[in-house]
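Below is one structure; the comments refer to it alone.
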Amino acid sequence: MTRTINLRLDINGASHALAVDPRVTLLDALREHLALTGTKKGCDHGQCGACTVHIDGRRVLACLTLAAQAEGRQVTTIEGLAAADGTLHPVQAAFLEHDAFQCGYCTPGQIMSAVACIGEGHTGCDNEIREYMSGNLCRCGAHNSIVAAVREAAEMAR
């Protein structure tokens, strides 16, 4: 017999009621139960960063976070970064400007980490950006463009 729990998740400013297995990760709740597929399932082991989201403004790996852990907290996914009128978040705009993606699979997680990197003040130099962003892998090799995009967005935020 499969047991379910009832959750209310606040995601991108909207409240969602879910009945899920208690073992469901936040990643699977987002993708499979709420059709928020911008957050990617890469390794499903917390090693690639493709599933990065924010909970209460701090970056977390959604594949290592149970959905139940997010109840009562504010979750932001890549779908929640742009303004309601479609205006891109400055980090999203900088990624476009610097062509900081190739295949695009890692891009949502990279952007979510970049927003946290800037918000937490880890943009003093390129090496600091690289260190902070090191948990997000890009198999296409767009790391130099990603660092340039983060640097530009951080300068705009100052």
Side-chain angles (χ1 to χ4, degrees), residues 1-96 100-123 129 131-140 142-143 146 149-150 153-154 156-157:
M1 178 165 89
T2 303
R3 194 184 103 176
T4 62
I5 57 173
N6 294 315
L7 300 175
R8 182 156 300 282
L9 299 179
D10 295 316
I11 302 168
N12 302 328
S15 183
H16 301 272
L18 296 173
V20 296
D21 183 296
R23 299 167 294 179
V24 165
T25 64
L26 180 57
L27 175 61
D28 288 337
L30 292 170
R31 292 184 59 80
E32 297 174 17
H33 297 272
L34 298 171
L36 293 170
T37 58
T39 304
K40 302 303 181 203
K41 184 179 266 196
C43 67
D44 212 18
H45 296 288
Q47 297 176 353
C48 72
C51 66
T52 304
V53 299
H54 295 172
I55 296 181
D56 294 335
R58 305 215 26 112
R59 74 179 177 157
V60 299
L61 298 172
C63 74
L64 297 181
T65 304
L66 294 174
Q69 291 175 282
E71 188 169 35
R73 301 168 76 191
Q74 296 298 314
V75 177
T76 305
T77 69
I78 190 70
E79 292 93 345
L81 279 187
D85 69 359
T87 302
L88 294 179
H89 184 281
V91 173
Q92 291 172 310
F95 267 63
L96 285 172
F101 49 86
Q102 286 183 31
C103 81
Y105 197 82
C106 72
T107 305
Q110 295 278 3
I111 289 172
M112 296 305 289
S113 281
V115 170
C117 177
I118 294 165
E120 295 175 18
H122 298 290
T123 58
I129 294 169
E131 176 65 27
Y132 190 86
M133 297 292 293
S134 66
N136 291 79
L137 303 179
C138 173
R139 296 175 197 262
C140 300
H143 290 287
I146 291 167
V150 174
M156 290 173 44

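Everything quoted here is computed from the prediction, not taken from an experiment.
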Are Asn12 and Thr77 linked by a side-chain donor-acceptor pair shorter than 3.5 Å?
yes
Going by heavy atoms in the side chains, are [X] and [Y] under 4.5 Å from each other?
X	Y	value
Leu9	Val75	no
Leu88	Leu96	yes
Ile55	Thr76	no

Closest approach of [X] to [Y] (non-hydrogen atoms, all atoms of both residues):
X	Y	result
Leu61	Thr65	O-OG1, 2.9 Å
Pro90	Met156	CB-CE, 4.1 Å
Pro22	Ile5	CA-CD1, 3.8 Å

Are the side chain of Asn6 and the backbone of Ala19 linked by a donor-acceptor contact shorter than 3.5 Å?
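Checked: no pair found.
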Using atom types as modelled and distance alone, determine if a side-chain donor or acceptor of Thr52 lies under 3.5 Å from a backbone N or O of Gly49.
yes
Pairs where [range] contributes a residue and the test salt bridge (Lys or Arg N to Asp or Glu O under 4.0 Å) is met, not counting sequence neighbours:
range	value
residues 104-119	none
residues 46-55	none
residues 103-120	Arg58-Glu120
residues 68-82	Asp56-Arg73

Taking only residues two or more places apart in sequence or in another chain, which ones pass side-chain hydrogen bond (donor to acceptor under 3.5 Å, both in side chains) with Arg8?
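For Arg8, the residues satisfying side-chain hydrogen bond (donor to acceptor under 3.5 Å, both in side chains) (neighbours in sequence not counted) are Ser15.
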Quick one: list whatever passes side chain to side chain contact (heavy atoms under 4.5 Å, CB included) with [X], sequence neighbours left out.
X	value
Arg23	Asp21
Ala94	Ala149, Glu152, Ala153
Leu66	Gln69
Thr107	Phe95, Phe101, Ile111

Measure the SG-CZ distance between Cys103 and Arg139 for me, rounded to the nearest 0.5 Å.
9.5 Å
Kindly list each side-chain donor-acceptor pair under 3.5 angstrom involving residues 32-46, sequence neighbours excluded, with atom names and distances?
{"residue": "Lys40", "atom": "NZ", "partner": "Thr37", "partner atom": "O", "Å": "2.9"}
{"residue": "Lys41", "atom": "NZ", "partner": "Asp28", "partner atom": "OD1", "Å": "2.8"}

Holding to ring-ring contact (aromatic ring centres under 6.0 Å, His included), I want the full list of residues that pass it with Tyr105, two or more places apart in sequence or in another chain.
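Tyr105 satisfies ring-ring contact (aromatic ring centres under 6.0 Å, His included) with no other residue.
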Among pairs that include at least one residue of residues 82-93, which meet side chain to side chain donor-acceptor pair (under 3.5 Å), considering only residues two or more places apart or in two chains?
Asp85-Thr87
Taking Cys117 as the fixed residue, which of Glu131, Arg59, Met112, His122 is the one that meets the side-chain contact (heavy atoms from CB on, under 4.5 Å) rule?
His122
